[in-house]
> 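Structure in structure tokens, see below.
In the text below, chain A, chain B and the rest are named by the order of the sequence lines, each starting its count at 1. Reckoned from all heavy atoms, side chains included, excluding hydrogens, waters and symmetry mates.
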Amino acid sequence: MPELPEVETVRTGLQRLLPGKMFKTAASDTPKSFPNAPEDVKQFLIASKVVAVRRRAKVLMIDLSTDHTLVIHLKMTGQLVFRSPTVSFGAGHPSDSLINPLPDKSTRVEFSFDDGSKLFFNDQRKFGWVRLMPTAEVPNIDFMKKVGPEPLDDRFTAAQFTERFARRRNTTIKAAILDQTVVAGVGNIYADESLWGAKIHPATLVRDVPPKKFSQLFTELQTVLRLSIEKGGSSNRNYVDAEGKKGSYMKFARVFRREGQACPRCGTIIEKTRVAGRGTHFCPHCQKLV
DNA sequence: CACTTGACCTGTCCGC
DNA sequence: TGCGGACAGGTCAAGT
């Protein structure tokens, strides 16, 4: 799913819903999704309280009162959905039929809190994971040590953004912007959207991108990420927020999954191809290959 | 080190 | 309607 705007939307929802709640039970259907030892779960999760919910790149962190953290990666199809026992509109109310019952077939981990509310980790493809670890160790996991700056961090400048690409001169700009060590949180949707905004063909080699284009790309990337956060993210397939609701960014997408439609800037038909092993959408008129 | 490709899974869609 | 193959928001490990 889940690129930066989607994970940030989930984080915002969980930060509103979870702090102060006390974990009562945790159960997983597959060790792959939640590989922690049962004794650690018993000692550091059960009876702990949620302190805060953080995000770094596409990783969510639920900090606990035991100085431990639930670290979560949703990968392609992960969801974190919160359900309170009072969510029902009332017996027989028509809106109740719209709420899908959980757990369902894709539920991998089910947490319950002492007030009867629950948190479901659903993941159709089982690529995602939840891990419990000491809060102090989170920055030491390989991914956290290597991941690049947050693109929406005020202190991150266009000059620094440009410099991050120096290591990836001989690959395509699409591969480079998807590289989490260059910049954090960009996935296939916002790569295509921002490259369209900056009028760069996705298959352009980094070394052939004019220097001033990196500044434009930085601005466009920030613009699409902010817009998507405002719209609650993109629900292309599985993605939903912490309350199970879809995001609406796809209504505003200019190229992503819009092959065969007119480019909103020039009217040329949008094409779909394959770059860096990923489906890639672009306007052949606005985004010329150098 | 930089770069590419395949693997990890399940579900859906498209062409025959 | 059934079946095979390609493809789907993301990382990783292993190869060159």
> Hey, are Glu8(A) and Arg11(A) close enough for a salt bridge, meaning a charged N less than 4.0 Å from a carboxylate O?
yes
> Select base, sugar-phosphate, or nothing to describe what Ser106(A) touches, counting heavy atoms under 4.0 Å on all strands.
nothing
> Could you tell me whether Asp29(A) and Arg108(A) have a side-chain N and a carboxylate O separated by less than 4.0 Å?
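Arg108(A) and Asp29(A): salt-bridged.
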> Please tell me if His73(A) has a side-chain N or O lying less than 4.0 Å from either OP1 or OP2 of dG10(C).
no
> Examine the side chains of Arg164(A) and Thr181(A) and answer whether a donor and an acceptor come within less than 3.5 Å of each other.
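No, because no side-chain N or O of Arg164(A) sits under 3.5 Å from a partner of the opposite role on Thr181(A).
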> Just by distance, no angles: are the side chains of Ser65(A) and Ser48(A) close enough, under 3.5 Å, to form a donor-acceptor pair?
no
> With no hydrogens and no angle check, just 3.5 Å: does a side-chain donor-acceptor pair link Glu6(A) and Tyr249(A)?
no
> Would you mind pulling out the nucleotide paired to dC12(C), Watson-Crick or G-U wobble, both distances under 3.5 Å?
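The answer is dG6(B), by the H-bond criterion.
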> Assess whether a salt bridge exists between Lys174(A) and Asp192(A), defined as any Lys/Arg side-chain N lying under 4.0 Å from an Asp/Glu carboxylate O.
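Looking at Asp192(A) together with Lys174(A), the answer is yes, because their closest N to O distance falls below 4.0 Å.
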> How would you label the contact of Gly128(A) with the nucleic acid (heavy atoms, under 4.0 Å): base, sugar-phosphate, or nothing?
nothing
> Measure CD/Glu259(A) against C1'/dC14(B) and give the value in whole Å, please.
14 Å
> State, without any angle test, whether Thr9(A) and Asp241(A) hold a side-chain donor-acceptor pair at a distance under 3.5 Å.
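Looking only at side-chain atoms, Asp241(A) and Thr9(A) do not form any donor-acceptor pair under 3.5 Å.
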> Which whole number of Å gives the distance between the P atom of dC3(C) and that of dC9(B)?
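Between the two P atoms, the distance is 24 Å.
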> Taking the side chain as every heavy atom from C-beta outward, state whether Arg265(A) and Trp196(A) have any pair of such atoms under 4.5 Å apart.
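When only atoms from C-beta onward are counted, Trp196(A) and Arg265(A) do touch, with a gap below 4.5 Å.
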> So what does Lys272(A) hit on the nucleic acid, given a heavy-atom distance under 4.0 Å: a base, only sugar-phosphate, or nothing?
sugar-phosphate
> Output yes when at least one side-chain N/O atom of Arg169(A) is less than 4.0 Å from OP1 or OP2 of dA2(B), else no.
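Negative; the distance criterion is not met.
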> Using the closest heavy atom to pick a nucleotide of DNA chain B for each, name whichever of Arg167(A) or Gly277(A) lands nearer the 5' end.
Arg167(A)
> If you compare every side-chain N and O of Arg274(A) against the phosphate oxygens of dA6(C) (OP1, OP2), does one of them come in below 4.0 Å?
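No.
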> For nucleotides 9-12 of chain B, give me every protein contact, N/O to N/O, under 3.5 Å, one pair per line with atom names.
{"from": "dC9(B)", "atom 1": "O2", "to": "Arg125(A)", "atom 2": "NE", "distance (Å)": "2.9"}
{"from": "dC9(B)", "atom 1": "N3", "to": "Arg125(A)", "atom 2": "NH2", "distance (Å)": "3.3"}
{"from": "dT10(B)", "atom 1": "OP1", "to": "Lys126(A)", "atom 2": "NZ", "distance (Å)": "2.9"}
{"from": "dT10(B)", "atom 1": "O4'", "to": "Gln124(A)", "atom 2": "O", "distance (Å)": "3.4"}
{"from": "dG11(B)", "atom 1": "OP1", "to": "Lys105(A)", "atom 2": "NZ", "distance (Å)": "3.2"}
{"from": "dG11(B)", "atom 1": "O4'", "to": "Gln124(A)", "atom 2": "OE1", "distance (Å)": "3.3"}

> Give the rounded distance in Å between these two atoms: NZ of Lys145(A) and P of dC12(C).
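Atom-to-atom, Lys145(A) to dC12(C), this comes out as 13 Å.
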> Rounded off to whole Å, could you give me the CG-to-P distance for the Leu205(A) and dA2(B) pair?
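Roughly 16 Å, once rounded to whole Å.
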> Remember a base hit wins even if backbone is also touched, and classify Tyr249(A) as base, sugar-phosphate or nothing at under 4.0 Å, heavy atoms.
nothing
> dC3(B) C1' sits how many Å from Phe165(A) CZ, rounded?
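To the nearest whole Å, that distance equals 16 Å.
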> Just checking, any donor-acceptor pair under 3.5 angstrom between side chains of Asp63(A) and Thr69(A)?
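On atom types as modelled, these side chains qualify, holding a pair under 3.5 Å.
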> Hey, is the side chain of Asn170(A) poking within less than 4.0 Å of OP1 or OP2 on dC3(B), counting only N and O atoms?
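Result: yes.
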> Do Leu70(A) and Met133(A) make a side-chain contact, defined as non-hydrogen atoms from C-beta onward lying under 4.5 Å apart?
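No. Closest side-chain heavy atoms not under 4.5 Å.
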> Return the value, rounded to whole Å, for the distance between atom NZ of Lys146(A) and atom C1' of dT11(C).
9 Å
> Mind calculating the distance between NZ (Lys174(A)) and P (dT5(B)) to the nearest angstrom?
15 Å
> Look for any protein N or O under 3.5 Å of an N or O in nucleotides 13-16 of chain C and output each such pair with its distance, or none.
none

> Separation of Arg55(A) atom CZ from dG10(C) atom P, in whole Å?
14 Å
> dG11(B) and dC12(C): how far apart are their P atoms, nearest whole angstrom?
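Straight-line distance between the two P atoms is 23 Å.
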> Grab the CH2-P distance between Trp129(A) and dT11(C) for me, whole Å please.
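It works out to 10 Å between those atoms.
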